[in-house]
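Shown next, in structure tokens, is the structure this report addresses.
All values below come from the heavy atoms of this structure, side chains included, with hydrogens, waters and symmetry mates left out.
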Amino acid sequence: EVQLVESGGGLVQAGGSLRLSCAASGFAFDAHVIGWFRQAPGKEREGVSCISSGGGSTFYADSVKGRFTISRDNVKNTANLQMDSLKPEDTAIYYCAAVRLLFWVPPENLCHLKFDFWGQGTQVTVSS
């Protein structure tokens, strides 16, 4: 059974930090692009950051560039999103997702892939 389980969300003051984790099981993790997406109330889902299967390519949305860092561990089958200098506008439900990809795509296209597997989401709330 494919599973993606997010953890690490919570309530933090503006300027603070959170580290989201995604634990994967049931599929070949190291053959999949991993993405972090978020959806705020009344807004469309947004691709926040994505990382290639080997970890060599990453993409960040302009809104988080310089503040968020994505990483993955293909031995532990986990992916992380380190979020620093958080802003109230970062408040959303954050989802981890995966898609199998065996060829190179430009980093800017990573979050535009059709992701097959999704976690249940974790709430991040940033107070002003």
Side-chain angles (χ1 to χ4, degrees):
E1 179 189 4
V2 172
Q3 280 196 319
L4 291 169
V5 181
E6 302 96 335
S7 61
L11 173 64
V12 65
Q13 287 189 328
S17 298
L18 284 173
R19 184 177 178 85
L20 303 184
S21 294
C22 175
S25 60
F27 64 97
F29 185 75
D30 58 1
H32 285 69
V33 170
I34 298 297
W36 285 97
F37 296 79
R38 68 186 181 187
Q39 188 162 21
K43 294 189 177 182
E44 290 190 357
R45 187 174 62 200
E46 173 189 18
V48 174
S49 182
C50 293
I51 187 167
S52 61
S53 56
S57 292
T58 57
F59 167 83
Y60 296 95
D62 287 344
S63 57
V64 307
K65 204 171 291 183
R67 299 188 298 121
F68 290 10
T69 304
I70 192 171
S71 62
R72 66 186 296 160
D73 185 329
N74 284 352
V75 174
K76 296 181 179 179
N77 286 1
T78 58
N80 296 305
L81 186 67
Q82 177 67 39
M83 306 187 297
D84 299 318
S85 303
L86 282 162
K87 304 175 181 180
E89 50 264 44
D90 295 318
T91 295
I93 299 175
Y94 283 71
Y95 299 91
C96 173
V99 58
R100 184 178 178 89
L101 188 70
L102 298 179
F103 54 89
W104 183 86
V105 297
E108 61 268 25
N109 290 349
L110 287 172
C111 282
H112 295 290
L113 298 170
K114 186 177 182 298
F115 284 75
D116 299 313
F117 308 134
W118 292 84
Q120 82 288 350
T122 185
Q123 176 71 47
V124 171
T125 304
V126 184
S127 63
S128 57

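Between the side chains of S21 and N80, at least one donor-acceptor pair of N or O atoms lies under 3.5 Å. Inspection of the E89 and S63 side chains reveals no N or O donor paired with an N or O acceptor under 3.5 Å. Between the side chains of Q82 and D84, at least one donor N or O sits under 3.5 Å from an acceptor N or O.
Between S128 atom OG and K87 atom NZ the span is 14.0 Å, to the nearest 0.5 Å. Note that CZ of F103 is 11.0 Å distant from OG of S53, once rounded to the nearest 0.5 Å. Residue T58 holds its OG1 atom at 11.0 Å from CD of E108, rounded to the nearest 0.5 Å. For the atom pair L101 CG and N109 CG, the distance stands at 10.5 Å (nearest 0.5 Å).
Using a distance-only test at 3.5 Å, with no hydrogens or angles considered, no donor-acceptor pair links the side chain of N74 to the main chain of G54. A donor-acceptor distance shorter than 3.5 angstrom exists from the side chain of R72 to the backbone of S52, with no hydrogens or angles considered. Although no hydrogens or angles enter the test, the distance criterion places a donor-acceptor pair under 3.5 Å between the side chain of E6 and the main chain of Q120. A donor-acceptor contact shorter than 3.5 Å links the side chain of S49 to the backbone of F59. Counting only distance, with no hydrogens or angles, the side chain of Y60 and the backbone of I70 share a donor-acceptor pair below 3.5 Å.
The residue from T125, D90, V126, T91 that alone fulfils the side-chain contact (heavy atoms from CB on, under 4.5 Å) condition with V12 is V126.
Between H32 and F27, the two ring planes are perpendicular [angle over 60°; tilted spans 30° to 60°]. In this pair, F68 and Y94 present their aromatic rings tilted. The plane angle is within the 30 to 60° band. F115 and F37 have perpendicular rings, their planes meeting at more than 60° on a 0 to 90° scale where under 30° would count as parallel.
Closest heavy-atom contact between A40 and A92: N-CB, 3.8 Å. Taking every heavy atom of both residues into account, C50 and L110 meet most closely at CB-CB, 3.7 Å. A pairwise comparison of heavy atoms in A79 and W36 identifies O-CZ2, 3.8 Å as the closest pair. Between A97 and L4 the shortest heavy-atom distance is CA-CD1, 3.8 Å. Here the closest heavy-atom approach between residue A61 and residue G47 is recorded as CB-O, 3.5 Å. Scanning both residues, C96 and I34, for their nearest heavy atoms gives SG-CG2, 4.1 Å.
In the hydrophobic clustering of this structure, L86 does not group with I93; members are Ile, Leu, Val, Met, Phe, Trp, Tyr whose side-chain heavy atoms approach within less than 4.5 Å, directly or through other members. Cluster membership check: I51 does not share its hydrophobic cluster with V5, using side-chain heavy-atom separations under 4.5 Å among Ile, Leu, Val, Met, Phe, Trp and Tyr. Note on F117: it clusters hydrophobically with V48, by side-chain heavy-atom contacts below 4.5 Å among ILVMFWY residues. Cluster annotation: F29 and V2 are assigned to the same hydrophobic cluster (Ile/Leu/Val/Met/Phe/Trp/Tyr, side-chain heavy-atom contacts under 4.5 Å, transitive).
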When you look at S71 and R19, which way does the side-chain contact (heavy atoms from CB on, under 4.5 Å) test go after all the steps? CA-CA 11 Å; S71 62; R19 184 177 178 85; 4.2 Å; yes
Check step by step if side-chain contact (heavy atoms from CB on, under 4.5 Å) holds for R38 and V64. CA-CA 12 Å; R38 68 186 181 187; V64 307; 3.9 Å; yes
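Counting non-hydrogen atoms of neighbouring residues, nucleotides and ligands closer than 6.0 angstrom, the NZ atom of K43 reaches no more than 12 such neighbours.
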